[in-house]
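Whatever order the structure lists ligands and atoms in, that order sets their numbers, starting from 1. Residue indices begin at 1 and follow the sequence shown.
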Amino acid sequence: MLTNTQMEKFAELAVLVGANMQKNQEVVIRTDVQCKDFAHLIAEKAYKFGAKRVHIQWRDEVLDRLNMLHAGKASLVKTPDIALPSQNKYFIKNKVCLIAISAEDPNKYKGCDPDKIAAAQLARLKVEKKRMEATMSNYLRWTIVSIPTTAWAKQVFPDVDPQVAVDKMWDAIGHIMRLDTPDPTAAWRKHIATLHRRADFLNAHNFEYIHMKNSHGTDLMVGLATDHQWIAAEEEGQDGIPFTANMPTEEIFTAPHNRKINGTVVNALPLVNNGNVIDNFSITFKDGKVVDYTAEVGYDALKGILTSDEGVLSLGEIALIGKHSPIAESGILFYNTLFDENASCHLAFGASYPTTVKNGNNLTAEELSERGMNSSIQHVDFMVGTKDIDIDGIDHDGNVVPLFRDGEWVI
Ligand code: ZN
Ligand code: ZN
């Protein structure tokens, strides 16, 4: 368990390093009702550091599940959440910063109709579209943090009592969040500087392709978007104020070129999406598009993702993470993207972040597309970085620069 002081430091990290809330700014905390105590602590800290107003957007995963089991598909699609669009409009207009607490039960939709899940998810994505655009383009500053819930902890540590599982999760998250250091904020600043040094190396080389290969069957050439830029940890909001979108974060990422991806990639960790577990899957690309896929576990759920729209059939992100990141070293499978994507190199189906191309926020949709940037209502990360993965960068003159050997950075 964390001490009270550590909990307070955690909430402060979310406000100050994560969202980097400015004095007199409005804050929106997005959370499940189970995490209300931590949400309240964040609200308290936000006011301590000068928030103008704090709002909370509640979710309730128990109700989500009951709805999925018992409500008809037509009703799920018609009324995903009638309050969301007007709330989101207000948040965008007032340039709030967003702090999300991610603590989903990975099995919340276990046994529910995949067709209904996909339809409801699509409906929700549609009403969240404007908010998603505002965060993905860094118009709003935002961050995601996580705390354990009983349902989630039970999935991660199935062999122990629920309370022991929750305690073990707190210990793991406390270490990963560097809350066991004397000054977590200073520890984060140092970590962020290391990530930025590597991102600068990648940007200086301006690679045309990234080649990933391992013994599990991955052999994939990922072309990079024209004028792409690698981003790590801290990003800049459109107003020039830095923030850290994911806490924890270990990744350095950029945009693939959505017409220059060829080969096959095999997942390294299960993909948990929308209450479904998808595992032992492989995806084959030709000229940037998925042309074939298989999955031993959760094939229908994978199909649900890959049929959401046209853009989901290409990639919007490539991210590199060494196997010695604290999350990878914990050896814990969290069944939560925030952690698992930081344990392993990953790719994402769907939308790319406009910020991963130079001047991206000032380019038209057409100009982004010319550069190979991908658009979709989805953005779904999946983990591909095994302990034996080798990764090279290939520049425009054909020079090959080793980046990873046996799952770890060599630069
Ligand atoms: Zn990522
Ligand atoms: Zn991603």
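- The aromatic rings of Trp142 and Phe243 lie tilted to each other, with the angle between the two planes from 30° to 60°.
- The Zn ion (ligand 1) is closest to atom OE1 of Glu251 (considering only N, O or S atoms).
- A tilted orientation is assigned to the rings of Phe339 and Trp152, their planes being inclined by 30° to 60°.
- Atom CZ of Arg124 and atom CZ of Arg59 lie 3.5 Å apart (nearest 0.5 Å).
- A salt bridge links Arg141 and Asp239; the closest N-O separation between the charged side-chain nitrogens and carboxylate oxygens is under 4.0 Å.
- Of the charged side-chain nitrogens involved, at least one lies within less than 4.0 Å of a carboxylate oxygen, so that Glu104 and Lys108 count as a salt-bridged pair.
- For the Zn ion (ligand 2), protein N/O/S neighbours under 2.8 Å (waters excluded) are Glu317 OE1, His379 NE2, Asp381 OD1, Asp381 OD2.
- Salt-bridge formation is detected for the pair Arg189/Glu234: a Lys NZ or Arg NE/NH1/NH2 atom is positioned less than 4.0 Å from an Asp or Glu carboxylate oxygen.
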